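Below, read A as the first sequence line, B as the second, and so on, with proteins coming before strands; counting in each chain starts at 1. Everything numeric here is computed off the predicted structure, so don't read it as measured data. Heavy atoms only: backbone and side chains are in, while hydrogens, waters and symmetry mates are out.
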2 protein chains.
Amino acid sequence: MSTEEKIKEAAKKIFIKRGYAGARMNDIADELGMNKALLHYYYRSKEKLFEVIFFEVFDMLLPKLKATVTTDLPLRKKIELFVNTYVDAIASNPYVPMFILHELSQDPDRFVEKLKRRNSFPEIGQFILQVIQEMEEKNIQQYHPFHFFMNMISMCAFPFVARPMLQAVSGIGDEHWNEIMAIRKEEVTRFILNAIRI
Amino acid sequence: MSTEEKIKEAAKKIFIKRGYAGARMNDIADELGMNKALLHYYYRSKEKLFEVIFFEVFDMLLPKLKATVTTDLPLRKKIELFVNTYVDAIASNPYVPMFILHELSQDPDRFVEKLKRRNSFPEIGQFILQVIQEMEEKNIQQYHPFHFFMNMISMCAFPFVARPMLQAVSGIGDEHWNEIMAIRKEEVTRFILNAIRI
DNA sequence: GTCTATAGCTGGATAGAC
DNA sequence: GTCTATCCAGCTATAGAC
């Protein structure tokens, strides 16, 4: 791995742990046993380094989600695919939601602005329409379509965000936590499908 | 409202918006048209000021939740009460989850440690047992009880955390968002009860 | 109690040797 | 490319006048 790569990985770790404001260039350098002057040599400034990571994280996640939401599957299959994709993607990068929320809270407008410049922004309109149609045809329970969508997203993402607190409240240790999360996809999918069945 | 109170309220606003690391004592002072020396006069240090707010936020939320989880109601009623209480509590302080997550991510252990010193920590063991019993008696669908609990929490809390992103993805404006959130309690309760019905 | 002024430190950024 | 040394802005915190 090149020095440039190594810096990026270490920076990702620190930014995710502490957020942009809390992260120190020194911490990143220490993480690598390097000097912070090197970070500036490769990435010019803290802000620039952060942006590189920011977009990398999103380019890993958003295109996948966009693809699942816009495929041409029947609703139930699409829900299953969405949950599987989302939970898998986050489970293999469990720090991502926290990272996103961290920066989202600092300056929501700037954050959303950055995102929109990528055109990988998931387009949920079509999915919502599909839900509405199934409801009109009485194939599934009636819900407010947006709440239904929020329920899906919430159950996929929140456990990863709130993990430390959930573990504290429940007393579940790390090993046990991983075992439990391994079956989350199936549990959530089944939960949703049961909730919409007539 | 006393100066001390005013400082606390302004500080809460800033800490929530920017997190501990991102908040500036100057921002808090400016918010009030005061001088930052005053903040130190009343609260000694940034850290002390933060702690006061931290515990105030939790003392507003946790005891309520603890109460709902440990009441002696049948499961379905308890679920309804839990969702109503949680969503109401957060809706009237929509910044709270973000605030919590912010600080949770900085140093999870210290965070949980602080919390445990209060004895208002919700005890979910009894609730989980109740869920298990209903499942064994085949009164409700079979789920992993912890996933079921996570689903409840997730749907209550996440929309408030991710609001800016959800609005961006969906294109929903502020007025419309408020309308939608006004019915969330009912939507979530119905969703859960439908998911567990046999 | 409230203000101005300033001390003292932290952390991002750069210069310059190697 | 990598390191050491150092600059300088921005921040917390305090001293001291009123």
S.K.: If you walk 5' to 3' along DNA chain D, what is the first nucleotide with an atom under 4.0 Å of a heavy atom in chain A, and what is the last?
M.R.: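 Both ends considered, the range comes out as D:dG1 to D:dT4.
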S.K.: Is there a residue in residues 33-41 of chain B whose heavy atoms reach under 4.0 Å of DNA chain C, and which residues are they?
M.R.: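 The stretch gives B:Asn35, B:Ala37, B:Leu38, B:Tyr41 as the residues lying under 4.0 Å from the strand, ordered by number.
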S.K.: I need the full list of ring-ring contact (aromatic ring centres under 6.0 Å, His included) pairs touching residues 162-183 of chain A, with sequence neighbours left out, sorted by first then second residue.
M.R.: none
S.K.: My understanding is that only residues two or more places apart in sequence, or in another chain, count here; which of them pass salt bridge (charged side-chain N to carboxylate O under 4.0 Å, His left out) with B:Glu51?
M.R.: B:Lys114
S.K.: Taking only residues two or more places apart in sequence, or in another chain, which ones meet B:Tyr143 in a side chain to side chain donor-acceptor pair (under 3.5 Å)?
M.R.: A:Asn194
S.K.: How long is the straight-line distance from CG of A:Leu38 back to CE of A:Met25, given to the nearest 0.5 Å?
M.R.: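 Those atoms lie 10.5 Å apart.
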S.K.: Quick one: side chain to side chain donor-acceptor pair (under 3.5 Å) partners of B:Glu9, sequence neighbours excluded?
M.R.: none
S.K.: Show your working on side chain to side chain contact (heavy atoms under 4.5 Å, CB included) between B:Phe191 and A:Gln141 and close with a plain yes or no.
M.R.: CA-CA 9 Å; B:Phe191 191 83; A:Gln141 287 283 331; over 6 Å; no
S.K.: Taking only residues two or more places apart in sequence, or in another chain, which ones meet A:His144 in a side chain to side chain contact (heavy atoms under 4.5 Å, CB included)?
M.R.: A:Phe146, A:His147, B:Ile180, B:Ile183, B:Glu187
S.K.: Salt bridge or not between B:Asp174 and B:Arg163? Use side-chain N to carboxylate O under 4.0 Å.
M.R.: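 Answer for the salt bridge query: yes.
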S.K.: Parallel, tilted or perpendicular for B:Phe15 and B:Phe50, by the 30°/60° rule?
M.R.: perpendicular
S.K.: Can you list, by chain and residue number, the hydrophobic cluster partners of A:Leu73 when the side-chain cut-off is 4.5 Å?
M.R.: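 In the cluster with A:Leu73 are A:Leu81.
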S.K.: Suppose we screen for side chain to side chain donor-acceptor pair (under 3.5 Å). Which residues come up paired with A:Asn139, at least two apart in sequence or across chains?
M.R.: A:Glu134, A:Glu137
S.K.: For A:Asp72, enumerate each residue passing the side chain to side chain donor-acceptor pair (under 3.5 Å) test, keeping only those at least two apart in sequence or located in another chain.
M.R.: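 Residues passing side chain to side chain donor-acceptor pair (under 3.5 Å) with A:Asp72: none at all.
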S.K.: Quick one, which residues of residues 13-30 of chain A touch DNA chain D with a heavy atom under 4.0 Å?
M.R.: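 Output list: empty, so none.
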S.K.: Go through residues 42-54 of chain A and report each residue with a non-hydrogen atom lying under 4.0 Å from DNA chain D, sorted by number.
M.R.: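 Under 4.0 Å from DNA chain D: A:Tyr42.
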